[in-house]
Amino acid sequence: MRALAQDLLAGGPTAAAVADFDGIPNEALLSLRLACALHRAALDGRAPALRRYFPSTGGAYDPQRDAEGLAEAVREGVIAEAELIGDYLMGPPQTNDVGRCTGLLGGFLAFANEIDAPFDLLEIGCSAGLNLAFDRYHYAIGGLEWGDPASAVRLSPDWRGPPPALEATPRIRRRLGADIAPIDVSAPQTPARLASYVWPDQPDRLNRLLSAIEIARGTPRQIDRDSAEVWLKNQLATAEPGVGRLVFHSAMWLYLPRSVQDAVTAAIVDAGHRATADTPLGWLSLEPGASARAPQACEISLTMWPGGVRRVLGTAHTHGFWVQWNP
Ligand SMILES: C[S@@+](CC[C@H](N)C(=O)[O-])C[C@H]1O[C@@H](n2cnc3c(N)ncnc32)[C@H](O)[C@@H]1O
């Protein structure tokens, strides 16, 4: 990113590549879109100069020795990959990170425990929907374990605070998701596409992502291409007696324009007002910037209806490296 920024300021190829970008660079995470496009080129076997520096493609980078070589490789990559960069600049970043399930788990289980009924999971901004299979992963949390002991996705965050109540066994009836640009887990290019959004020097994160894609390929779910507010309004229009519904989302709220945030909130709160003890509704969220106590971290909150009481459960690192649990 530093090499890209320097080249941009110097009026190099990066300046030309972003000239037509019509978002607000910081808000739209322009630097992430650019860096991930270059990572994708390397993962796909192109950009040979960059591959020498990315650990994800067998390379190595020493900041003392390699800064200039990397800057040159970045410039070459930007020139050679104009089409791919255009594609990445157009779409929202797709960091689908199952690490966020470590912060969400306590909320999923609190909901399951309290309603004591089967329920549907409804994820908005689900990307490839990897977090819809949260119960197929293994968790080691605060000295306790939960989930599938044989799972290839193993999550063991740095857990701060008391462990969450882990005794619930969620009875998930359906796994439903929506995204304006969903990623099809069965498509052959999906592993490289999602992997491109992981930093090249984080092999553990990369491996668990690839394992989660395999698990998603074997987990029945339905994912629709739709904007969150439209989809939720339809999904929440009716409720089935004896079945709960849990709306959840992570790292997507800041991508929504204010009017869409308001429409999503209205759709959930309206459905909440119609919820009964026999048709309970929950809203679980893990979103950055929501907590004054930890502005760089994500706040984890759970609201349940009937009642509509909102509980802040804790905060978490944006990729789930740590969770501070304060139920
Ligand atoms: C950074 S990803 C997070 C993916 C996933 N929630 C996670 O935590 O791993 C943000 C996602 O929000 C989606 N998104 C952005 N605006 C949306 C909208 N209006 N409705 C639904 N999804 C949206 C993007 O397409 C992208 O897949």
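Every number for a ligand or one of its atoms is a count from 1 in the order of the listing.
Judged by the shortest distance from any of its heavy atoms, I124 lies outside the 4.0 Å radius around the atoms of ligand 1. Within the 4.0 Å heavy-atom shell around ligand 1 one finds E123.
Taking any N or O of D97, backbone or side chain, at least one lies under 3.5 Å from an N or O belonging to ligand 1. For ligand 1, the polar-atom distance check against Y255 finds no nitrogen or oxygen pair separated by under 3.5 Å. Residue A228 places at least one N or O, backbone or side chain, under 3.5 Å from an N or O of ligand 1. No N or O atom of V260 sits closer than 3.5 Å to an N or O atom of ligand 1.
Listed here is the closest heavy atom pair of G106 and P164: CA-CB, 4.0 Å. The nearest pair of heavy atoms linking P118 to G242 is CD-O, 3.7 Å.
Of the protein's non-hydrogen atoms, G125 O, 3.4 Å is the one closest to atom 4 (C) of ligand 1. The shortest contact between atom 23 (C) of ligand 1 and any protein heavy atom is with I180 CG1, 3.4 Å. For atom 10 (C) of ligand 1, the closest heavy atom belonging to the protein is A251 O, 3.5 Å. S250 OG, 2.5 Å is the protein heavy atom nearest to atom 8 (O) of ligand 1. Of the protein's non-hydrogen atoms, S227 OG, 3.0 Å is the one closest to atom 19 (N) of ligand 1. At the shortest separation from atom 12 (O) of ligand 1 among protein heavy atoms lies M252 CB, 3.6 Å. Scanning all protein heavy atoms for the shortest distance to atom 18 (C) of ligand 1 gives L256 CD2, 3.4 Å. At the top of the distance list for atom 26 (C) of ligand 1, counting protein heavy atoms only, stands D179 OD2, 3.5 Å.
The cationic atom of R193 (NZ for Lys, CZ for Arg) lies less than 6.0 Å from the six-membered ring centre of Y88 and within 45° of the ring axis.
Near S127, meaning under 4.0 Å from any of its heavy atoms, are these atoms of ligand 1: 4 (C), 27 (O). Atoms of ligand 1 lying under 4.0 Å from any heavy atom of N131, numbered from 1 in the order shown and given with element: 7 (C), 8 (O), 9 (O). Under a 4.0 Å criterion applied to the non-hydrogen atoms of T95, ligand 1 contributes the atoms 1 (C), 2 (S), 3 (C), 4 (C), 7 (C), 9 (O). Close approach of ligand 1 to Q94 is summarised as follows: ligand atoms under 4.0 Å from at least one heavy atom of the residue are 25 (O), 26 (C), 27 (O). Below 4.0 Å from some heavy atom of P92 lie the following atoms of ligand 1, by number and element: 24 (C), 25 (O).
For Q261, the side chain to side chain donor-acceptor pair (under 3.5 Å) criterion is met by no residue, not counting sequence neighbours.
For the 3.5 Å distance criterion, the side chains of D278 and T276 fail to qualify, holding no donor opposite an acceptor. Side-chain contact annotation: D204 with Q202, donor-acceptor N/O pair under 3.5 Å absent. Side chains of W283 and H249: a donor on one and an acceptor on the other come within 3.5 Å. In the model, E229 has a side-chain atom that pairs as donor or acceptor with a side-chain atom of S227 under 3.5 Å.
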Before you tell me yes or no, could you show the steps for T95 and D97 under side-chain hydrogen bond (donor to acceptor under 3.5 Å, both in side chains), namely the whole-Å CA-CA distance, both residues' side-chain angles and the distance that decides it to 0.1 Å?
CA-CA 6 Å; T95 312; D97 199 316; over 6 Å; no

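Contacts with ligand 1 closer than 4.0 Å are made by backbone heavy atoms (N, CA, C, O) of P93 only, the side chain lying farther away.
Between the OG1 atom in T265 and the CH2 atom in W253 there is a gap of 3.5 Å [rounded to 0.5 Å].
Using a cut-off of 4.0 Å between Lys/Arg side-chain N and Asp/Glu carboxylate O, E240 and R173 are scored as salt-bridged. The residues D148 and R136 are annotated as not salt-bridged, no charged nitrogen and carboxylate oxygen being separated by less than 4.0 angstrom.
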